[in-house]
Amino acid sequence: MNSRPNPLRSLDLFCKVVDNYGDIGICWRLARQLAHEHGLAVRLWVDDLVSFRRIWPTVDTLADTQELSGVRVQHWRGQDGLFTADDVADIVIEFFGCEIPPGYVEAMAQRSPKPVWFNLEGLSAEPWVEGCHTLPSPHRTLKLTKYFFFPGFNERTGGLTFEADLQARRQVFLAANEGPAFLARLGVTASEAQACKVSLFCYDYAPIPELFAAWQASPSPVTCLVPEGVGRPAVEAFLGVPMRAGVAATQGALTVRVLPFVAQTDYDRLLWSCDLNFVRGEDSFARAQWAGRPFVWNIYHQDKNLHHTKLNAFLKIYDPATPAVIDLNRAWNGAYPGNLDWQASWQTLQAELPALSGQAEQWAQKLLANGDWMDNLLGFARRLALEEWKSNENGLK
């Protein structure tokens with residue numbers, strides 16, 4: 001036979017929203033990238049359209065199916081449903097082991113050629129990730145194999161995802177000094193923009209009051225920009241009024257301004273516009289690294305404090321991790337041994353910010369050398385598809 005293997009033209013991505021915006025944030029970014037840069041027919045299955053709408057305002061929360069930015073979005077209502085082989089895409093991705101519908105899996109087994117099946121795992125710098133990346137996992141009863149594909153920080157993982165034009169867009173934004181005008185559109189005043197600007201995206205259990213107290217006592221002004229709904233109890237206690245976009249208050253050296261919840265593309269611009277970014281989960285954590293700015297990471301809480309292990313593994317390999325950066329990251333996640341002097345720690349970190357910005361730029365360039373997560377995944381998928389095609393060809397001889 002001289003026929004070539006079927007090209008990989010379609011992709012189904014299954015997403016269950018657990019961390020409010022983190023899961024859908026990553027999946028929506030991947031879906032758009034796969035459609036726009038790789039020409040795939042992408043269908044995104046997502047169970048929570050309300051959270052989705054917070055990061056992409058044109059989402060219709062009542063629609064079963066809708067087209068958004070070149071992606072077909074399917075409201076995933078449950079595990080029931082009947083599927084045929086024709087319903088199955090060439091590439092099937094389940095995000096964080098979300099267990100796609102059994103009927104769909106059975107249809108995958110009936111399809112010829114079989115789809116390439118991936119479980120996308122979470123981002124971690126822990127050494128075990130390198131040993132598990134691309135490992136196969138045969139289905140216990142069906143003739144299907146799922147492959148684990150990990151993002152990561154070196155060439156022994158899948159790398160981090162980034163759009164082909166991301167660095168160019170950022171450089172244009174910075175070269176044109178678009179930050180002040182962008183922040184002004186979000187309600188930031190000229191005087192607030194002159195201060196040390198910090199974006200705050202964290203979980204409610206982060207020690208926000210301690211951080212705010214340190215900023216209030218700062219020797220120079222600090223402007224904290226927080227999206228509406230984030231850290232609500234502590235932020236409202238500082239504001240003295242209900243938290244809503246446009247509200248601001250000043251105590252001591254600290255001004256807290258509530259921003260509207262912005263779309264993903266504008267969130268990148270917010271990161272680029274600030275001197276320091278507090279981020280959470282996985283999606284904003286990755287985007288903070290591409291922003292080339294110093295950041296503090298709030299990790300999703302895990303039982304038995306397993307997130308502390310994850311944090312320490314990252315701080316061990318993160319080049320800009322000065323003692324002040326390490327201390328504040330650990331205290332922010334409840335992993336600091338003892339009681340941190342928040343005020344002294346902040347003053348040390350603030351003095352380091354100019355140098356840290358340069359180091360953060362170098363870190364981003366280092367990560368770029370590992371390649372894009374989705375480029376690497378599709379290359380691996382093509383190799384798997386070619387192997388199956390050759391196997392089928394030999395079976396027909």
Side-chain angles (χ1 to χ4, degrees), residues 8-111 113-123 137 139 142 144-151 158 161 263-264 281-283 373-374 377-378 381 384-385:
L8 301 174
R9 296 177 177 174
S10 59
L11 183 145
D12 275 355
L13 172 57
F14 290 82
C15 172
K16 284 190 176 180
V17 179
V18 178
D19 174 20
N20 290 328
Y21 315 114
D23 305 290
I24 184 56
I26 297 169
C27 288
W28 179 232
R29 198 180 298 281
L30 297 182
R32 287 186 291 123
Q33 183 184 3
L34 289 163
H36 296 170
E37 296 184 11
H38 300 281
L40 293 171
V42 178
R43 179 169 52 175
L44 172 62
W45 297 73
V46 57
D47 65 336
D48 181 356
L49 296 178
V50 175
S51 292
F52 190 2
R53 187 173 183 178
R54 293 296 301 278
I55 65 168
W56 205 257
T58 57
V59 170
D60 181 352
T61 59
L62 300 179
D64 282 334
T65 303
Q66 56 192 300
E67 293 286 332
L68 295 170
S69 194
V71 175
R72 181 182 175 188
V73 176
Q74 181 73 45
H75 189 185
W76 183 9
R77 295 186 179 275
Q79 295 296 86
D80 297 330
L82 299 176
F83 300 88
T84 69
D86 291 337
D87 297 318
V88 177
D90 299 324
I91 303 172
V92 178
I93 296 176
E94 58 183 53
F95 188 72
F96 281 3
C98 60
E99 295 188 6
I100 57 184
Y104 189 97
V105 176
E106 292 172 2
M108 289 166 60
Q110 300 301 316
R111 190 182 189 274
K114 298 287 193 300
V116 185
W117 186 10
F118 289 109
N119 179 17
L120 295 191
E121 286 289 348
L123 176 60
S137 175
H139 193 278
L142 301 173
L144 291 169
T145 299
K146 176 167 55 179
Y147 293 85
F148 293 94
F149 208 85
F150 285 79
T161 191
Q264 281 186 334
E282 184 169 320
D283 185 52
W373 190 24
M374 288 299 99
L377 179 140
L378 292 177
L384 293 175

Item to check | Non-hydrogen side-chain atoms of Trp76 and Cys98 separated by less than 4.5 Å | outcome: yes
Exercise. Okay, side chain of Ser10, backbone of Asp90: is any donor-acceptor separation there less than 3.5 Å?
Worked result: yes
* Measure the shortest side-chain to side-chain distance between Val73 and Trp56 over non-hydrogen atoms and say whether it is less than 4.5 angstrom. => no
- Task: Starting from the C-alpha separation in whole Å, work towards a yes-or-no answer on side chain to side chain contact (heavy atoms under 4.5 Å, CB included) for Phe118 and Leu377.
- Result: CA-CA 9 Å; Phe118 289 109; Leu377 179 140; 3.8 Å; yes
Only residue of Leu142, Leu384, Val92, Leu144 satisfying side chain to side chain contact (heavy atoms under 4.5 Å, CB included) with Lys114 is Leu144
Does Glu37 reach the side chain of Met374, with side-chain heavy atoms less than 4.5 Å apart?
no
d(Asp48 CG, His75 NE2) to nearest 0.5 Å is 7.5 Å
query = Can any side-chain N or O of Gln66 pair as donor or acceptor with the backbone N or O of Asp60 at less than 3.5 Å?
reply = yes
In short, Ala89 meets Asp12 closest at the heavy-atom pair CB-N, 3.5 Å
Across all chains, not counting sequence neighbours, the side chain to side chain donor-acceptor pair (under 3.5 Å) partners of Thr61 are none
Discussion item. I'd like to know whether CD of Glu99 has more than 12 heavy-atom contacts from other residues, nucleotides or ligands below 6.0 angstrom.
Written reply: no
May I have the list of side-chain donor-acceptor pairs in residues 25-32 shorter than 3.5 Å, sequence neighbours left out?
{"unit_1": "Arg29", "atom_1": "NE", "unit_2": "Asp283", "atom_2": "OD1", "d": "3.1"}
{"unit_1": "Arg29", "atom_1": "NH2", "unit_2": "Asp283", "atom_2": "OD2", "d": "3.1"}
{"unit_1": "Arg32", "atom_1": "NH2", "unit_2": "Gln264", "atom_2": "OE1", "d": "2.4"}

Step by step, work out the side chain to side chain contact (heavy atoms under 4.5 Å, CB included) result for Ile91 and Leu378. CA-CA 9 Å; Ile91 303 172; Leu378 292 177; 3.6 Å; yes
In this structure, OG1 of Thr65 is separated from CD of Gln74 (nearest 0.5 Å) by 3.5 Å
TODO: Would you check if Lys16 and Asp23 make a side-chain contact, meaning some heavy-atom pair closer than 4.5 Å?
DONE: no
When every non-hydrogen atom of Val46 is compared with those of Leu49, the smallest separation belongs to CG1-CD2, 3.6 Å
Nearest heavy-atom approach of Ala385 to Leu8 is CB-CD2, 4.1 Å
Trace of the side chain to side chain contact (heavy atoms under 4.5 Å, CB included) decision for Val71 with Leu34
CA-CA 9 Å; Val71 175; Leu34 289 163; over 6 Å; no
Output for pair (Arg77 CZ, Trp45 CH2), nearest 0.5 Å, gives 11.5 Å
Requested in this report: Over 60° means perpendicular and under 30° means parallel, so classify the ring planes of Phe83 and Tyr104, tilted if in between.
Outcome: perpendicular
- Task: Check whether any side-chain N or O of Glu282 sits under 3.5 Å from a backbone N or O of Leu123 as a donor-acceptor pair, and report yes or no.
- Result: yes
Output for pair (Trp117 CH2, Lys146 NZ), nearest 0.5 Å, gives 4.5 Å
Taking every heavy atom of Val88 against every heavy atom of Arg111, the minimum-distance pair comes out as O-NE, 3.2 Å
Smallest heavy-atom separation, Asn119 atom then Gly97 atom, equals OD1-N, 2.8 Å
On a heavy-atom basis, the closest approach of Pro151 and Glu121 is CD-O, 3.1 Å
Are Ile93 and Leu11 packed together at the side-chain level, in the sense that at least one heavy-atom pair is separated by less than 4.5 angstrom?
yes
